[in-house]
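Some notes on the structure that comes next.
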Amino acid sequence: METITSFEQARDYLRSFIDFEKRGFRRHFSDVVNLETIRALLTELGDPHRRFGVVHVAGTKGKGSTAALIEAALRASGYRTGLFTSPHLLSMRERIRLQGQPVTAEQIVATVNMLVPIVERLKQRPELNPPSFFELYTAMAFVAFAQAQVEIAVIETGLGGRLDATNVVSPLVTAITTVGRDHTEILGDTLAQIAHEKAGIIKPGVPLALAAQEPEAEAVILRRAEELGARVLPAPACRLAAPPAPLAPTAAHHFYGPDEPAPGGQEVVLDSAAYGPLPVHLPLPGRHQRGNLALAWATLELLRERGYGVSPRDFAAGVAGLRWPGRFEVLESAPWLVLDCAHNVPSLRALAHTLPEALEYDRLILIFGMSADKEIAESAAEIAPLADVVILTQALMPRALWASELAKTTWHLWRPTPHVAWTTREALAQARKLAGPRDCICVTGSIFVVGEALEALGLPVR
């Protein structure tokens, strides 16, 4: 194969491999998936994942936000950091971050050129599954972190944990966010089965920070930790310093630029065993983010025991400066425009709590699209009671549920008769026509719909 010279060529090469995020997963997926391909790939690359410290984060809800909070605090403490998350909103560059910034197009091109001959050799080995997009990109993240000589990388699992491509690392600390029902066709039909997959990241003797769990999930995780001799540190209490006052819309339309501090947020107090009450400004609104913050602090407490100290001052500074795209991201006022990647029952329930707590508005104009492999009616039911105007749409990808099917499945849930738009861009334009200056437009239901909204807005990769 000829040398790849542009980011577009590199992107097209990676897209030629199976991408389960976009195509969807099938039942019994775990019967044929293993970690042998990613291990073979990393061996050929010289095992880059062994050249830096790792925090490994799994869970159903909030694992991306938790990972971002941990990385921001470590970076504020002066450590050279890497962050690997998925999926992306606008560009695959977002998945790999060095010192908080997405990798460059040039770095992607160079790493893909490194991969091409290795992939060709692996294709000649019949005992290996063909590599997937996620496996290749996971390997690329490890290469990028090793080349940048990061001291510590925070790695978010893609799906589950036990058979996730990231589960080849030897972490200093693991963390599991709240476990809920999602990807049931792959991870299992019960909370216990799903928790078993998430607990697959626990390693012998490696301490685990654990968020609050349903009893069924907690029992599975604690049993696995005990079997492996992994000490468990529960996330501490995190409470509001004062009742939050919803933000009032600005008198005139305002766009919050990428470099502008996020509006709103919440003042909270963490109950630290080592330092006592810690006041923190958390720029991410919602009670679920308080849980993510608490888990991030517990993870850092365990890291301190492994030689990576983060002071309360650096923790507060790192958290306060975080802006995490697509997670209750307020982009405009008068009317409000909020983008939130909620895509399952727990996350949409959290969004339903957060909207009236964080923002003052007259009507909620909901732009809603989902992937076909989710619990459609159950998820929509969490946000439906709040919506005054509903525009159902779909992402332009194979895994998306057609807007017509979404309408058929959820019609009975909506108070108003829903509108249907065949693209996110069209839905956004329709919402703007319908919204008054004191209304709130919220785009949610799928990370892919949120990504298409950002693209329609012309926002850069951040």
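Position 1 is the first residue of the sequence; numbering continues from there.
Side chains of Ile221 and Val232 form no contact here, defined as non-hydrogen atoms less than 4.5 Å apart. Side-chain contact between Leu331 and Leu339 is present, with heavy atoms from C-beta onward closer than 4.5 Å. Side-chain contact between Phe142 and Ile155 is present, with at least one heavy-atom pair separated by less than 4.5 Å. Tyr256 has its side chain within reach of Ser333: a pair of non-hydrogen atoms, C-beta onward, lies under 4.5 Å apart. You'll find the side chain of Val450 reaches within 4.5 Å of the side chain of Leu89, heavy atoms only. A 4.5 Å side-chain heavy-atom check between Val449 and Thr444 finds every atom pair outside the cut-off. Glu267 is not listed as a side-chain neighbour of Pro279, based on a closest heavy-atom distance of 4.5 Å or more. Side-chain atoms of Glu329 and Val338, non-hydrogen and from C-beta on, never get closer than 4.5 Å to each other.
For the residue pair His353 / Glu382, no side-chain donor-acceptor distance below 3.5 Å is found, with atom types taken as modelled.
Of the possible donor and acceptor atoms, none in the side chain of Glu71 sits under 3.5 Å from a partner among the backbone N and O of Ala67. One N or O on the side chain of Thr104 and one on the backbone of Gln107 form a donor-acceptor pair closer than 3.5 Å. Side-chain atoms of Asn344 come within 3.5 Å of backbone N or O of Ser347 as a donor-acceptor pair. With hydrogens and angles disregarded, no donor-acceptor distance shorter than 3.5 Å links the side chain of Arg11 to the backbone of Ser6. Remark: the backbone N or O of Met370 is not paired with any side-chain donor or acceptor of Gln394 at under 3.5 angstrom. In this structure, Ser272 contributes its side chain and Ala274 its backbone to a donor-acceptor pair below 3.5 Å. The main-chain N or O of Val103 is found under 3.5 Å from a side-chain atom of Arg93 such that the two form a donor-acceptor pair. Judged by distance alone, with hydrogens and angles left aside, the side-chain atoms of Gln213 form a donor-acceptor pair with the main-chain N or O of Thr177 at under 3.5 Å. In this structure, Arg304 contributes its side chain and Val310 its backbone to a donor-acceptor pair below 3.5 Å. In this structure, Glu452 contributes its side chain and Leu396 its backbone to a donor-acceptor pair below 3.5 Å.
Between Phe17 and Phe133, the ring centre distance reaches or exceeds 6.0 Å.
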Q: Go through the steps to decide whether Phe328 and Leu351 satisfy the test side-chain contact (heavy atoms from CB on, under 4.5 Å), and finish with yes or no.
A: CA-CA 8 Å; Phe328 204 90; Leu351 175 60; 3.7 Å; yes
Q. Between Ile96 and Phe145, does a side-chain contact (heavy atoms from CB on, under 4.5 Å) hold up when you go through it step by step?
A. CA-CA 9 Å; Ile96 304 172; Phe145 297 154; 3.8 Å; yes
Q: With side-chain contact (heavy atoms from CB on, under 4.5 Å) as the test, would you mind laying out the steps for Leu74 and Leu303 before giving the verdict?
A: CA-CA 10 Å; Leu74 287 165; Leu303 269 179; 4.2 Å; yes
Q: Check the pair His253 / Glu332 against side chain to side chain donor-acceptor pair (under 3.5 Å), numbers first and verdict last.
A: CA-CA 7 Å; His253 179 264; Glu332 298 178 11; 2.9 Å; yes
Q: For side-chain contact (heavy atoms from CB on, under 4.5 Å), just list the numbers for Leu159 and Phe134, CA-CA rounded to whole Å, side-chain angles, deciding distance to a tenth of an Å, and then say yes or no.
A: CA-CA 10 Å; Leu159 174 69; Phe134 187 76; over 6 Å; no
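Ring geometry, Phe84 versus Tyr137: the interplanar angle falls under 30°, so the pair is classed parallel (tilted spans 30 to 60°). Ring geometry for Phe315 versus Trp297: interplanar angle over 60°, hence perpendicular rather than tilted (30 to 60°).
Atom CD of Glu214 is surrounded by 12 or fewer heavy atoms from other residues, nucleotides or ligands within 6.0 Å. Residue Glu127 qualifies as enclosed at atom CD: its count of foreign heavy atoms under 6.0 Å is above 12. Other residues, nucleotides and ligands contribute at most 12 non-hydrogen atoms within 6.0 Å of the CZ atom of Arg313. The local environment of CD in Glu216 is crowded, with over 12 non-hydrogen atoms from other residues, nucleotides or ligands closer than 6.0 Å.
The CG atom of Asp271 lies 8.0 Å from the SG atom of Cys238; values are rounded to the nearest 0.5 Å. Ser77 contributes atom OG, which lies 7.5 Å from atom CG of Leu300 (distance to the nearest 0.5 angstrom). Remark: Met140 CE to Met114 CE distance equals 9.5 Å, nearest 0.5 Å. Rounding to the nearest 0.5 Å places CD1 of Ile108 at 10.5 Å from CZ of Arg95. The distance from atom CG of Asn167 to atom CD1 of Ile201, rounded to the nearest 0.5 Å, is 7.0 Å. One finds the CG atom of Asp164 at 6.5 Å from the OG1 atom of Thr138 (value rounded to the nearest 0.5 Å).
Comment: Glu151 does not engage Arg80 in a salt bridge, judged by the lack of any side-chain N to carboxylate O separation of less than 4.0 angstrom. With respect to the salt-bridge test (charged N to carboxylate O, under 4.0 angstrom), the residues Arg223 and Glu226 do not qualify. A salt bridge links Asp373 with Arg399: at least one charged nitrogen is closer than 4.0 Å to a carboxylate oxygen.
Taking all atoms of both residues into account, the shortest heavy-atom contact from Asn292 to Lys61 is OD1-O, 4.2 Å. Annotation for Gly161 and Thr157: closest pair CA-CG2, 4.3 Å, computed over non-hydrogen atoms. For the pair Ile176 and Gly59, the tightest heavy-atom approach, listed with the atom from each and the gap, is CG2-CA, 4.4 Å. The minimum heavy-atom distance linking Ala76 with Asp314 is given by the pair CB-O, 3.4 Å. The minimum heavy-atom distance between Ile202 and Ala230, with the atom names listed, is CG2-CB, 3.7 Å. Looking at every heavy atom in both residues, Ser132 comes nearest to Glu135 through N-OE1, 2.9 Å.
Partner of Thr354 under the side-chain contact (heavy atoms from CB on, under 4.5 Å) criterion, out of Arg287, Gln289, His288: His288 alone. Applying the side chain to side chain donor-acceptor pair (under 3.5 Å) test between Gln266 and each of Arg290, His281, Glu357 identifies Arg290 as the sole match.
Scored by the side-chain contact (heavy atoms from CB on, under 4.5 Å) test, Ile118 finds Leu41, Glu44, Leu45, Arg121, Leu122 as partners (sequence neighbours excluded). Remark: Glu8 pairs with no residue by the salt bridge (charged side-chain N to carboxylate O under 4.0 Å, His left out) rule, at least two apart or across chains.
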